[in-house]
*Asks:* 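Could you have a look at this structure, given as structure tokens, before my questions?
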Amino acid sequence: MPKLIIIEGLDGSGKSTQVKLLEEHFQNNNIDFLKIKLPDYDSPSSTLVNMYLGGEFGKSADDVNAYAAGAFYAVDRFASFKLKWKDAYENGTVILADRYATSNSIYQMEKLDKSEWDEYLEWSEDFEYNKIGIPKPDLVIYLDVPVEISQRLMTKRYQGDEDKKDVHEANVEFLNSCRNSALYTAKKQNWRVIECTSDGQMKSIDEIHKLICDIVDKEL
């Protein structure tokens with residue numbers, strides 16, 4: 001049976017590092033897999049996403065409403081599926097995705113009043129998995145890191161140059177709201193949440209990796 005495994009987390013959560021380690025875990029255990037990363041910034045399908053993140057529609061993320069921005073990303077996901085991993089998925093290859101449609105409920109839903117969140121979740125799932133027809137994930141793992149800690153990690157990543165942060169990364173209030181919407185969705189949609197910090201510090205990379213592998217191995 002096809003398997004689609006998603007790793008989600010706010011910017012600075014160590015997500016890319018953990019995806020790479022999970023790739024190595026699959027290789028070491030002879031698991032047939034294909035890793036995808038979304039958005040696909042190098043593809044023409046991400047043009048609207050790049051314009052949005054680059055601030056061409058406004059310098060604040062709120063200048064583009066949740067439904068419009070969600071649609072920008074959905075187009076890119078549809079193109080990625082049809083052109084790059086549909087055949088592998090349908091042939092039983094495990095697809096490991098660094099972000100997916102689940103990102104809508106993290107980065108877009110927070111723009112709405114909380115009373116509208118359930119409606120947005122229903123719209124996003126129906127639009128992407130039913131109307132557009134991309135696969136629904138089998139497992140979503142969310143790496144939870146408080147924003148004050150992830151901000152320190154991103155500042156280190158950019159060697160102190162705050163101007164390198166995009167419209168999402170630079171807005172601390174926005175990211176805190178995203179974390180709230182992510183944790184809300186995790187409860188609603190049965191995501192697996194991994195607490196990546198302890199006593200105000202990041203857990204070790206290996207400790208987080210082991211927690212992820214324990215969850216993924218049970219799914220497979």
Side-chain angles (χ1 to χ4, degrees), residues 1-43 45-46 49 73-74 76-107 124-125 128-129 132-145 149-150 153-154 156-157 178-179 182-183 185-187 189-198 202-220:
M1 293 291 292
K3 288 288 184 180
L4 174 57
I5 297 171
I6 315 300
I7 307 295
E8 287 283 3
L10 295 182
D11 297 305
S13 64
K15 177 174 51 59
S16 295
T17 297
Q18 291 302 330
V19 169
K20 183 177 180 180
L21 288 174
L22 190 53
E23 288 183 78
E24 294 174 1
H25 176 73
F26 286 164
Q27 291 167 349
N28 292 337
N29 288 276
N30 298 314
I31 295 171
D32 184 25
F33 79 99
L34 176 66
K35 180 248 184 174
I36 62 173
K37 184 175 177 62
L38 296 166
D40 187 357
Y41 291 116
D42 295 328
S43 169
S45 63
S46 68
V49 172
Y73 287 94
D76 179 60
R77 286 186 281 266
F78 172 81
S80 174
F81 173 61
K82 295 292 282 190
L83 299 176
K84 296 187 175 181
W85 54 277
K86 180 176 182 289
D87 289 345
Y89 173 77
E90 292 179 347
N91 287 328
T93 298
V94 174
I95 306 298
L96 172 61
D98 183 343
R99 297 205 190 285
Y100 195 57
T102 41
S103 290
N104 272 355
S105 56
I106 300 176
Y107 289 101
S124 183
E125 282 202 305
E128 303 227 27
Y129 306 142
I132 289 181
I134 64 173
K136 188 173 183 176
D138 298 285
L139 173 66
V140 181
I141 296 176
Y142 176 70
L143 306 180
D144 185 38
V145 179
I149 297 176
S150 64
L153 295 173
M154 279 191 288
K156 183 178 179 180
R157 177 199 303 169
C178 289
R179 183 175 181 235
L183 294 174
T185 306
K187 290 182 179 179
Q189 298 184 347
N190 298 314
W191 295 1
R192 301 298 299 272
V193 177
I194 292 180
E195 304 288 347
C196 296
T197 61
S198 178
M202 287 290 291
K203 294 178 181 177
S204 73
I205 291 173
D206 288 342
E207 184 178 359
I208 296 169
H209 173 60
K210 183 179 185 306
L211 293 171
I212 292 173
C213 288
D214 288 345
I215 294 170
V216 170
D217 288 346
K218 289 177 182 177
E219 177 66 29
L220 298 179

*Asks:* Residues in salt bridge (charged side-chain N to carboxylate O under 4.0 Å, His left out) with Lys20, at least two apart?
*Replies:* none
*Asks:* Using a 4.5 Å cut-off on heavy atoms from C-beta on, say whether the side chain of Val140 contacts that of Thr185.
*Replies:*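 Counting from C-beta outward, Thr185 and Val140 never come under 4.5 Å.
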*Asks:* Rounded to the nearest 0.5 Å, how far apart are SG of Cys213 and CG of Leu21?
*Replies:* 8.0 Å
*Asks:* Would you say the side chain of Met202 lies within less than 4.5 Å of the side chain of Cys196, judging by non-hydrogen atoms?
*Replies:* yes
*Asks:* Would you call Lys218 and Asp214 a salt bridge, taking side-chain N to carboxylate O under 4.0 Å as the test?
*Replies:* no
*Asks:* I want to check something: taking the side chain as every heavy atom from C-beta on, are Asp98 and Ser16 in contact at a cut-off of under 4.5 Å?
*Replies:* yes
*Asks:* Does a sphere of radius 6.0 Å around CZ in Phe33 hold more than 12 heavy atoms from other residues, nucleotides or ligands, not counting ones at 6.0 Å or beyond?
*Replies:*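 Counting neighbours around CZ of Phe33, more than 12 heavy atoms of other residues, nucleotides or ligands fall under 6.0 Å, so yes.
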*Asks:* With a 4.5 Å heavy-atom cut-off, do Ile5 and Leu220 have their side chains touching?
*Replies:*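 In short, these two side chains touch, coming nearer than 4.5 Å.
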*Asks:* Look up atom CG in Asn104 and atom CD in Glu125, then write down how far apart they are to the nearest 0.5 Å.
*Replies:*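 Interatomic distance, Asn104 CG to Glu125 CD, rounded to 0.5 Å: 10.5 Å.
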*Asks:* Taking the side chain as everything from C-beta on, heavy atoms only, tell me whether Ile208 gets closer than 4.5 Å to Gln18.
*Replies:*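 Answer yes - side chains close enough.
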*Asks:* What's the shortest heavy-atom distance between Ser46 and Asp40, and which atoms?
*Replies:*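 Where Ser46 meets Asp40 most closely, the heavy atoms are OG-O, 3.0 Å.
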*Asks:* Does CG in Leu83 sit with more than 12 non-hydrogen atoms of other residues, nucleotides or ligands closer than 6.0 Å?
*Replies:* yes
*Asks:* Quick one: does Ile141's side chain get under 4.5 Å of Trp191's, heavy atoms only?
*Replies:*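 When only atoms from C-beta onward are counted, Trp191 and Ile141 do not touch, as no gap falls below 4.5 Å.
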*Asks:* Test Phe81 against Ile132 for side chain to side chain contact (heavy atoms under 4.5 Å, CB included), laying out the working first.
*Replies:* CA-CA 11 Å; Phe81 173 61; Ile132 289 181; over 6 Å; no
*Asks:* If you define the side chain from C-beta out and look only at heavy atoms, does anything of Lys187 sit under 4.5 Å from Leu183?
*Replies:*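 When only atoms from C-beta onward are counted, Leu183 and Lys187 do not touch, as no gap falls below 4.5 Å.
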*Asks:* Return the CD1 to NZ distance between Ile7 and Lys15, rounded to the nearest 0.5 Å.
*Replies:* 9.5 Å
*Asks:* Just wondering, do Thr17 and Val19 contact through their side chains at under 4.5 Å, heavy atoms?
*Replies:* no
*Asks:* Backbone N or O of Lys136 within a donor-acceptor pair of the Glu128 side chain at under 3.5 Å?
*Replies:*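 It does not hold such a pair.
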*Asks:* List for me each residue that meets salt bridge (charged side-chain N to carboxylate O under 4.0 Å, His left out) alongside Lys3, sequence neighbours excluded, and say none if there are none.
*Replies:* Glu219
